[in-house]
Amino acid sequence: MTAVRPGDIEGLLRRGPDPRIAVILVYGPDTGLVAERARRLAESAVPDPSDPFALVKLDGDTLAGDPGRLVDEAGTVGLFGGQRAIWVRPGSRNYAPAVDAVLKADVAATRIVVEAGDLAKSSPLRSLCERSQRALALPCYPDDARALAELIDSRLQAEGLRIARDAREIFAASLGGDRRASLGEIEKLALYARGRGEITLEDVEAIASDVSGSVLNALIDAAFAGQPADTERTYRRFQVEGMDASVMLGAALRHALTLLTVRLDGAGQSPGQMVANWRGLHFRRQRIVETQLARWSPDGLRRAVTRLQEAVLACRRADGDFAHAVAGDVFLRLALEAGRRG
């Protein structure tokens, strides 16, 4: 088997693959990460990636119609000699026969990088590359917390920036599971903080697209998971920072409604199964949301929704201090109720 474990891929990219490997398949559900790694592998194989004779780009559907094309390109000698690379872009048709042909041929000084989508284990292309001793199969799954932290640090260091620890944690929590989207957010933050040296939490809160929501999640998750001390401390922090009480209650109401929907749709399922089916839930929140689903019944969530709706209405009619008194009391009551359910 020549399938590479996800945790070993970055090390392989840094040191470079074995030159005896003819084909490198890059695939997975994270299309941004697939595209980035395919680009790195293809461009690092040649002295000048902008030279179209050194780096040849082919479409997968083209190879499906002409399987011999890949062997022909791989056997072509560059105008000035030297290493060549072929970058096969994703296609909608089966071009595994073209890859099979090139694996059986004697190609030298050519790295073939095949960029693909989320391939099933039974996919002809994936099976072919995992079985062959002359191919590597690199799966690309959404970044975990450690990978996101490394990605943030490496990209910011390349721009001459560093980021404070608390800022990195909040920023990482705001990023999703797609590498291309994460890179876009990191580049936006680097551009905003250019010339500052160190990026602070204030910089992150000013620029990241989803930071306000992710910060509120800390309060909401503490309340619904039955953590009264964390709930009270986090609420006071937001109150001091000037966050509107009705905004916090509104976010909690939306979360309660989502929990109720997931609970009803997943009737008969375990909390872990419900979380696995929750589309768009950030991986860092999965464990605590699983705890919430285990502690709250549908009837309990209906009562929480009613309580939050009444509190939102009361806060909109009240001044700042009274609104915070109402909202803080509701959050604390939710945390205490969830704690008793645990």
Side-chain angles (χ1 to χ4, degrees), residues 1-46 49 55-61 63-64 70 73-74 83-105 107 109-152 154-155 175-183 186 283:
M1 294 288 288
T2 49
V4 181
R5 293 181 301 180
D8 296 334
I9 293 177
E10 282 300 322
L12 182 145
L13 292 173
R14 285 192 291 268
R15 66 177 179 270
D18 188 325
R20 293 172 294 181
I21 295 296
V23 174
I24 305 172
L25 171 65
V26 190
Y27 72 95
D30 189 337
T31 55
L33 185 56
V34 169
E36 184 205 359
R37 286 175 169 170
R39 178 191 60 77
R40 288 171 63 184
L41 285 163
E43 293 184 352
S44 65
V46 296
L55 177 55
V56 178
K57 298 178 182 179
L58 296 176
D59 183 75
D61 288 340
L63 296 180
L70 188 57
E73 288 288 355
Q83 179 76 28
R84 296 177 70 245
I86 299 173
W87 183 357
V88 180
R89 307 303 297 274
S92 59
R93 300 166 60 192
N94 179 25
Y95 54 92
V99 176
D100 186 30
V102 82
L103 286 172
K104 294 175 180 176
V107 293
T110 302
R111 177 184 295 175
I112 301 170
V113 180
V114 180
E115 177 186 344
D118 189 10
L119 303 178
K121 194 169 183 63
S122 59
S123 162
L125 185 58
R126 178 176 169 182
S127 298
L128 177 67
C129 292
E130 287 184 344
R131 288 196 310 264
S132 175
Q133 296 300 314
R134 302 187 64 229
L136 289 178
L138 277 57
C140 298
Y141 299 107
D143 291 314
D144 59 15
R146 178 180 176 183
L148 279 174
E150 291 177 351
L151 180 67
I152 292 167
S154 64
R155 292 300 171 124
L175 301 179
D178 183 87
R179 174 64 71 95
R180 184 183 288 115
S182 296
L183 287 172
I186 295 171
F283 68 88

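One-based numbering along the sequence shown.
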Show me, pair by pair, the donor-acceptor contacts under 3.5 angstrom made by side chains of residues 93-101, not counting sequence neighbours?
| residue | atom | partner | partner atom | Å |
| --- | --- | --- | --- | --- |
| N94 | OD1 | A96 | N | 3.0 |
| D100 | OD2 | K104 | NZ | 3.3 |

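For E36 against R155, the heavy-atom pair with the smallest separation is OE2-NH2, 2.7 Å. The minimum heavy-atom distance linking A85 with A45 is given by the pair CB-CB, 4.0 Å. Closest non-hydrogen pair, G117 versus Y27, comes out as O-CB, 3.2 Å. Residues V34 and C140 come closest through the heavy atom pair CG2-CB, 3.6 Å. Considering every non-hydrogen atom in both R84 and V56, the closest pair reads NH2-CG2, 3.3 Å. Contact record, I24 with P17: CD1-CG, 3.6 Å, taken as the closest heavy-atom pair.
Annotation: side-chain hydrogen bond (donor to acceptor under 3.5 Å, both in side chains) contacts of S44 (sequence neighbours excluded): R111.
Side-chain contact between L138 and R37: absent, with no pair of heavy atoms (C-beta onward) separated by less than 4.5 Å. Side-chain atoms of L151 and L183, non-hydrogen and from C-beta on, do get closer than 4.5 Å to each other.
Exactly one residue among T110, V102, V113 makes a side chain to side chain contact (heavy atoms under 4.5 Å, CB included) with V23. That residue is V102.
Distance check: L25 CG to E115 CD gives 10.5 Å after rounding to the nearest 0.5 Å. Put simply, OH on Y141 and CG on L33 are 11.5 Å apart, with the number rounded to the nearest 0.5 Å. To the nearest 0.5 angstrom, I112 atom CD1 is 11.5 Å from I21 atom CD1.
Salt-bridge annotation for E150 and R14: absent, with no side-chain N of the basic residue lying under 4.0 Å from a carboxylate O of the acidic one.
The closest donor-acceptor contact from the side chain of R134 to the backbone of L103 lies under 3.5 Å.
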